[in-house]
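A short worksheet on the structure shown next.
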Amino acid sequence: MHVNAYAAPAAGKPLAPTVIERRDVGPNDVLIEIQYAGICHSDIHTVNGDWGPQPFPVVPGHEIVGIVTEVGSGVTKHQVGDRVGVGCMVNSCGECANCRNGDEQYCLAGMVPTYAGTDRDGTTTQGGYSTHVVVDADYVLSVPDGLDAAAAAPLLCAGITTYAPLRRWGAGPGTKVAIVGLGGLGHMAVKIAHALGAEVTVLSQSLKKQEDGLRLGADHYYATSDPDTFQQLAGRFDLIVNTVSARIDLDAYLGLLAVDGTLVNVGAPADPLAVNVFSLIGARRSFAGSMIGGIALTQEMLDFCAEHDISAEVEVISADQVNEAYERVLASDVRYRFVIDTGTLA
Ligand code: NAP
Ligand code: ZN
């Protein structure tokens with residue numbers, strides 16, 4: 001099947017319309033007519049070559065919502081007409097200890113990313129900036145009815161990437177949680193941490209988005225450009241989730257953790273981050289990382305978001321606005337996720 005898509009032809013080059021091939025629907029596959037695809041900063045890191053060489057042309061997009069239009073003979077989990085989602089992962093071995101434990105994203109054989117990855121049949125995966133995609137049914141999520149399709153798309157990456165560490169490190173009533181960076185991931189983290197019952201603080205570069213941050217569910221909001229912020233908040237937080245796409249001064253942020261506090265990095269800048277061990281040993285602090293979340297947890301997150309009426313704040317764009325949207329994300333000028341109406345590719 002040949003379908004319309006938007007692809008980056010080479011590292012750092014603007015995305016342009018193209019036609020790609022989707023595989024035939026196998027016994028355990030579903031064919032999805034894509035309605036919306038979110039733009040994640042990871043798409044930009046990938047096509048700009050921040051994370052190393054890629055198998056260009058690359059069709060990005062791992063925040064996909066659409067409708068099932070065909071199912072393979074062995075599929076029982078999804079039916080034609082169902083509204084579904086696909087996140088950052090479209091396959092894994094299913095047999096290793098991590099897959100069996102529901103941590104398919106940490107598959108020992110390597111999980112298959114939704115784009116720029118090598119699928120288990122040897123083909124290169126292509127993502128959601130496209131009209132259709134064929135995905136193994138086990139990696140396809142159900143999108144609850146109560147959620148708006150466009151606003152639900154970012155949950156498939158930004159939602160699960162922040163839900164997973166917030167749950168794992170116990171964000172909830174009585175805990176003080178800080179979110180660093182109020183972008184796509186950050187704004188989801190604020191909403192989810194608030195819904196989990198934590199006391200939420202936004203740490204943003206400036207006060208420009210303060211009103212938004214408080215409206216989204218934060219209790220406090222500070223500008224990290226103000227050095228007083230780091231003195232005022234020293235030793236305050238149980239958990240800090242860093243969503244920043246660039247290098248930050250980790251030691252300054254570690255100093256904001258209470259004894260036994262944890263800073264979880266989900267931001268994935270190209271450059272290494274330095275840590276002075278005294279920032280950790282001086283208060284038994286931890287520095288951790290987390291990558292998206294397993295399939296069962298992703299479904300749990302979608303159901304949680306529907307139950308709490310949480311979805312992304314989105315700016316819906318047509319496919320030909322993708323390059324402009326990338327520029328705006330790079331300038332931290334996104335409120336708070338661009339989502340492509342993939343109908344504009346038809
Ligand atoms: P985004 O929408 O661009 O948000 C990043 C935010 O970080 C910006 O809005 C800005 O917030 C802040 N920021 C940007 N540059 C900064 C700088 N130089 N110094 C300080 N703060 C800065 O990006 P996103 O889509 O949320 O993704 C964020 C990062 O997470 C990316 O690196 C992405 O690749 C990564 N990611 C990781 C996973 C995972 O599984 N671990 C999954 C998805 C994405 P303020 O304006 O509020 O300061
Ligand atoms: Zn992403």
Using a 4.5 Å cut-off on heavy atoms from C-beta on, say whether the side chain of Val3 contacts that of Ile20.
yes
Can you list everything that forms a ring pair (Phe, Tyr, Trp, His ring centres under 6.0 Å) with His194? Sequence neighbours excluded, please.
none
Please determine whether a side-chain nitrogen of the Lys or Arg among Asp212 and Arg215 lies less than 4.0 Å from a carboxylate oxygen of the Asp or Glu.
yes
Under a 4.5 Å cut-off applied to non-hydrogen side-chain atoms, are Leu182 and Lys209 in contact?
yes
Going by heavy atoms in the side chains, are Gln35 and Arg83 under 4.5 Å from each other?
yes
With a 3.5 Å cut-off and no angle check, do the side chains of Gln232 and Thr229 form a donor-acceptor pair?
no
Shortest non-hydrogen pair, Ile292 vs Ala164, comes out as O-CB, 3.4 Å
Shortest non-hydrogen contact between Asp136 and Val140, atoms and distance:
O-CG2, 3.5 Å
Report yes if the side chains of Val133 and Thr114 come closer than 4.5 Å at any heavy-atom pair, otherwise no.
no
Quick check on Asp121: does its CG atom have over 12 non-hydrogen neighbours (other residues, nucleotides or ligands) under 6.0 Å away?
yes
Kindly state each residue pair satisfying salt bridge (Lys or Arg N to Asp or Glu O under 4.0 Å) with at least one member in residues 22-35, sequence neighbours excluded.
Arg23-Asp29, Arg23-Asp119
Val47 versus Pro60: any side-chain heavy-atom pair under 4.5 Å?
yes
Residue among Asp238, Val200, Leu239, Leu166 satisfying side chain to side chain contact (heavy atoms under 4.5 Å, CB included) with Thr175:
Asp238
Establish, from distance only, whether the side-chain atoms of Glu300 and Tyr163 form a donor-acceptor pair under 3.5 Å.
yes
Is a side-chain donor-acceptor pair under 3.5 Å present for Ser204 with Tyr221?
yes
Hydrophobic cluster membership, with links at side-chain heavy-atom distances under 4.5 Å among I/L/V/M/F/W/Y: are Val339 and Ile39 in one?
no
Going by atom types alone, do Gln299 and Asp303 pair a side-chain donor with an acceptor below 3.5 Å?
yes
Closest heavy-atom pair and its distance - Gly159, Ile192:
O-CD1, 3.7 Å
Can you tell if the side chain of Ile32 reaches within under 4.5 Å of the side chain of Ile67, non-hydrogen atoms only?
no
Would a hydrophobic clustering, with Ile, Leu, Val, Met, Phe, Trp and Tyr connected at side-chain separations under 4.5 Å, put Tyr106 with Leu108?
no
Indicate yes or no: does Arg285 engage Asp260 in a salt bridge with an N to O separation below 4.0 Å.
no
Got a sec, which residues hit ring pair (Phe, Tyr, Trp, His ring centres under 6.0 Å) with Phe338, two or more places apart in sequence or on another chain?
none
Just so I know, are the side chains of Leu263 and Leu250 near enough to count as touching, which here means a heavy-atom distance under 4.5 Å?
yes
Identify the heavy atoms of Arg100 and Glu95 that sit nearest to each other, and give their distance.
NH1-O, 2.6 Å
Assess, by modelled atom type and distance only, whether the side chains of Ser92 and Tyr139 contain a donor and an acceptor separated by less than 3.5 Å.
yes
With the 4.5 Å side-chain cut-off for hydrophobic clustering, are Ile310 and Leu185 part of the same group?
yes
Tightest non-hydrogen contact, residues Ala116 and Thr46, listed as CB-CG2, 4.4 Å
Taking Val329 as the starting point, is it possible to reach Val59 by hopping between hydrophobic residues whose side chains are less than 4.5 Å apart?
yes
Proximity of Tyr115 and Tyr129 rings by center, below 6.0 Å:
no
Under 4.5 Å between any side-chain heavy atoms of Leu273 and Asn265, yes or no?
yes
Cys107 to Cys93 - nearest heavy-atom pair and separation:
SG-N, 3.3 Å
